[in-house]
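Structure, as structure tokens:
Here the structure is a predicted model, which means the values were calculated and not measured.
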Amino acid sequence: MDRIDEESQTPAPPVTFTGRKTLVAAAVAVVLIAGALLIRPARTDDDARPPRPSERAASAVGMGAPAAVVDLKALVADREKWLAAHPDDEASWAVLGSAYLEQARRTADSGWYPRAEQALKRSLELRPAEKGNFDAMTAMGALANARRDFGTARKWGELVRAQAPKRWTAYPVLVDAYTGLGDYKGAQKAMELLLEMRPGLVAYVRAAQVYRDRGWREDAVVAMEHAAGAAKAPAEKAYALFRLGELAWERGDPAEALRQYEGALRTDPAQAEALGGRARALAALGRGGEAVRDYRMALGRTPVPELARELGELLESLGRGEEARAQYGTLASMAARDGRNGVDADVVLGLYEADHGDAAAAVRRLSEEWSRNKSVQVADALGWALHRAGEDEAALEYAKKATEPGLRSAEFAFHRAMIERGLGDQEAARRHLEEAVRTNPYFSPLRGPLAKETLAAIAAPPPGGPENIRPTAPWVEPELPKAAKPKPTPSGR
């Protein structure tokens, strides 16, 4: 027993491998690895390395989602280099066209649109639409929407849907196209199908847009919050926060809007749309100097005509007329540039001309736009231009088309109120001015204060009140004639 205990306490000798044993172990390992690969071959997603910038951007533009500026530049450089050596790769031409389109959206430089169109047409030459080049077809629809050519966008989207009804990427194009054409029922149906097929960031963004247009504010906010929750990249998250800021602004909450815009800028400092939104919110909160600074910074990054119009009106409200006129001139040059690149800027130009230029020219411009696109935005702009041109009866018909479908817009309500006042309908004007002020009293640095002043003027009765507002003597119940008694009916009848 003592010997056994002694042996058990003696440490075992270290394990050593001879050369022969090492070779045997290596052979066994190779056999095991080979067997594992035969059971399940290696896949591309087995690579543990994170995706490259160009791969991230390609995934985003393929889904119709925002892409980071750095990733987007990498994708453009990568595809351009590839296509220089492989010019017959139709799939890469479609990717490159989508990347150019996203560059246009991120920079507001419409010069990217012709390049996107050229790349997408090259893809369709190599593989025509009838052979199912769905990526290029969908991107052509998105390009048409970006140019506000909604009729063409609808044709592309419906062509994809006819050939591949289950291809979900056609439905965001259709939602935007139907909305631009004023077919809000069609937009809602396409959105509902999109949500069934592919719930996620893109679907939730379109749902929020449809709900907003119907006047369902709470539903729009919830949908956009879902979009923010579904975002997988900073650029996507920032875009959702920007849209939440827009919804807060439209319901007259500039403090909440500012919080959302700043959240978007913290998430993605290149989110220039949020910078313009922050300028709008700062102006509403009485911080005009900061607002002017942010507007100028936003215009430096994304030269958008609508931002130039907003800055011009803010400067005009601050008594800086010369600077305001300079901004209005910038607006006209931006719109002309966009027009050369196939962008329809008639709504922005028409509103500018109605307020600050030739109202008759605005009526002509917007009447042509109405013949193409019958959205509430075009109806409102045309109605306002007709009012400014002195044609209030015709203007009211378009103002009704703008306000009755459901969109809750302070600007639309103000326009309708002023048209009704021009027609002498004080009660209707008062009702819609109250709606404008209640919806968003900060909707314009020029027209917002005017709405409040006009409402105060027509809400109060004239000095002294109307004549005979009170009776001069106490009320006395009038003596009514007594009812005549019925004559008795002779018996037997």
| field | Contact check, side chains of Leu258 and Arg287, non-hydrogen atoms, under 4.5 Å | value | yes
| field | Donor-acceptor contact present, side-chain Arg147 to main-chain Asn341, <3.5 Å | value | yes
| said: Can a donor-acceptor pair be found, under 3.5 Å and without considering hydrogens, that links the side chain of Glu55 to the backbone of Arg52? | reply: yes
| Between CG on residue Asp149 and CE on residue Met140, distance to nearest 0.5 Å | 10.0 Å
| task | Please name the pair of heavy atoms, one in Ala230 and one in Gly200, separated by the smallest distance, quoted to 0.1 Å. | result | CB-C, 4.2 Å
| said: Which heavy atom of Ala389 sits nearest to which heavy atom of Ala359, and what is that distance? | reply: N-CB, 3.9 Å
| Glu80, CD atom: more than 12 neighbouring heavy atoms under 6.0 Å | yes
| task | Output yes when a side-chain donor or acceptor of Asn133 lies under 3.5 Å from a complementary backbone atom of Ser123, and no otherwise. | result | yes
| task | Kindly compute the distance separating CG (Asp380) from NZ (Lys400), expressed to the nearest 0.5 Å. | result | 15.0 Å
| query | Are Arg105 and Glu273 within salt-bridge range, i.e. N to O under 4.0 Å? | reply | yes
| said: In the structure I gave you, are the side-chain heavy atoms of Leu349 and Leu331 within less than 4.5 Å of one another anywhere? | reply: yes
| query | Is there a donor-acceptor pair closer than 3.5 Å between any side-chain N or O of Glu102 and the backbone N or O of Ala67? | reply | yes
| task | Tell me, with the steps shown, if Glu323 and Arg296 meet salt bridge (Lys or Arg N to Asp or Glu O under 4.0 Å). | result | CA-CA 12 Å; Glu323 294 178 71; Arg296 294 194 188 281; 3.0 Å; yes
| Do the side chains of Val222 and Glu218 get nearer than 4.5 Å, heavy atoms only? | no
| query | Between the side chain of Arg416 and the main-chain N/O of Leu396, is any donor-acceptor distance below 3.5 Å? | reply | no
| said: Do the side chains of Arg421 and Asp392 get close enough for a salt bridge, i.e. N-O under 4.0 angstrom? | reply: no
| field | Side-chain donor/acceptor of Thr439 to backbone N/O of Ala436, under 3.5 Å | value | no
| task | May I have the step-by-step check of side-chain contact (heavy atoms from CB on, under 4.5 Å) for Leu247 and Arg251, ending in yes or no? | result | CA-CA 6 Å; Leu247 292 172; Arg251 67 175 183 265; 4.3 Å; yes
| note | When rounded to the nearest 0.5 Å, the distance separating CZ of Arg447 from CD of Glu411 is 4.5 Å
| said: Looking at Asp355 and Arg309, is any side-chain nitrogen of the basic one under 4.0 Å from a carboxylate oxygen of the acidic one? | reply: yes
| query | Given Arg154 and Tyr178, is the side-chain contact (heavy atoms from CB on, under 4.5 Å) satisfied, shown in steps? | reply | CA-CA 7 Å; Arg154 178 184 61 188; Tyr178 290 147; 3.6 Å; yes
| Carboxylate-amine/guanidinium proximity below 4.0 Å for Asp176 and Arg206 | yes
| Taking the six-membered ring for Trp, are Tyr211 and Trp216 parallel (under 30°), tilted (30 to 60°) or perpendicular (over 60°)? | tilted
| task | Indicate yes or no: does Arg365 engage Glu353 in a salt bridge with an N to O separation below 4.0 Å. | result | yes
| Do we see a donor-acceptor contact under 3.5 Å between the side chains of Gln209 and Asp213? | no
| field | Distance under 6.0 Å and angle within 45° of ring axis: Lys374 vs Trp370 | value | yes
| field | Spacing of CG belonging to Leu450 relative to CG belonging to Leu455, to within rounding of 0.5 Å | value | 11.0 Å
| field | Sub-4.5 Å side-chain heavy-atom contact between Arg320 and Gln327 | value | no
| What are the two closest non-hydrogen atoms of Ala170 and Arg161, and how far apart are they? | CB-N, 4.3 Å
| Under the criterion side chain to side chain contact (heavy atoms under 4.5 Å, CB included), which of Tyr113, Tyr100, Trp112 is the partner of Leu143? | Tyr113
| request: Taking all non-hydrogen atoms of both residues into account, name the closest pair between Leu101 and Ala146 and its distance. | output: CD1-CB, 4.0 Å
| field | Expected output: side-chain Ser371 to main-chain Glu368 donor-acceptor under 3.5 Å | value | yes
| task | Taking only Lys NZ, Arg NE, NH1 and NH2, and the carboxylate oxygens of Asp or Glu, determine whether Asp344 and Arg372 approach each other closer than 4.0 Å. | result | yes
| Going through the distances and angles, do His356 and Glu313 end up as a side-chain contact (heavy atoms from CB on, under 4.5 Å)? | CA-CA 10 Å; His356 309 286; Glu313 293 187 346; 3.2 Å; yes
| Does a salt bridge link Asp358 with Arg388, judged by any charged N lying under 4.0 Å from a carboxylate O? | no
| task | Mind listing the closest non-hydrogen atom pair of Ala223 and Ala208 along with its distance? | result | CB-N, 3.7 Å
| task | Tell me, with the steps shown, if Tyr442 and Trp249 meet side-chain contact (heavy atoms from CB on, under 4.5 Å). | result | CA-CA 9 Å; Tyr442 317 101; Trp249 166 257; 3.9 Å; yes
| task | Would you check if Asp135 and Arg167 make a side-chain contact, meaning some heavy-atom pair closer than 4.5 Å? | result | yes
| query | With a 4.0 Å cut-off, would you call Glu192 and Lys189 a salt bridge? | reply | no
| Ion pair present between Glu117 and Lys121, side-chain N to carboxylate O less than 4.0 angstrom? | yes
| Counting distance only, does the side-chain N/O of Ser444 pair as donor-acceptor with the main-chain N or O of Leu446 below 3.5 Å? | yes
| said: Whether Arg259 and Glu256 form a salt bridge (side-chain N of Lys/Arg under 4.0 Å from carboxylate O of Asp/Glu) is what I want to check. | reply: yes
| Looking only at heavy atoms, what is the nearest atom pair of Ala187 and Thr179, with distance? | CB-OG1, 3.5 Å
| query | What's the verdict on salt bridge (Lys or Arg N to Asp or Glu O under 4.0 Å) for Arg325 and Glu316, showing C-alpha distance, side-chain angles and the deciding distance? | reply | CA-CA 8 Å; Arg325 287 188 290 274; Glu316 190 174 338; over 6 Å; no
| said: Counting C-beta onward and ignoring hydrogens, is there a side-chain heavy-atom pair between Arg214 and Gln188 closer than 4.5 Å? | reply: yes
| Got a second to check how far Leu120's CG is from Ser98's OG, nearest 0.5 Å? | 6.0 Å
| request: With the side chain counted from C-beta on, respond yes when Glu250 and Arg408 share a heavy-atom pair under 4.5 Å apart, and no when they do not. | output: no
| said: Can you confirm if the NZ or CZ of Arg280 lies within 45° of the ring axis of Tyr295 and under 6.0 Å from the centre of its six-membered ring? | reply: no
| Do Arg243 and Glu246 sit within salt-bridge range, that is, some charged N less than 4.0 Å from a carboxylate O? | no
| query | Is there side-chain contact between Phe242 and Leu265, with at least one heavy-atom pair below 4.5 Å? | reply | no
| said: Using 0.5 Å steps for rounding, measure from the CG atom of Asn145 to the CG atom of Leu174. | reply: 8.5 Å
| request: Kindly indicate, with the supporting measurements, whether the criterion ring pair (Phe, Tyr, Trp, His ring centres under 6.0 Å) is fulfilled by Tyr328 and Tyr352. | output: CA-CA 8 Å; Tyr328 295 144; Tyr352 160 71; 5.6 Å; yes
| field | Verdict with reasoning, Arg430 to Asp425, per salt bridge (Lys or Arg N to Asp or Glu O under 4.0 Å) | value | CA-CA 9 Å; Arg430 181 184 302 114; Asp425 190 347; over 6 Å; no
| field | Aromatic ring proximity, centroids under 6.0 angstrom, Phe443 and Phe414 | value | yes
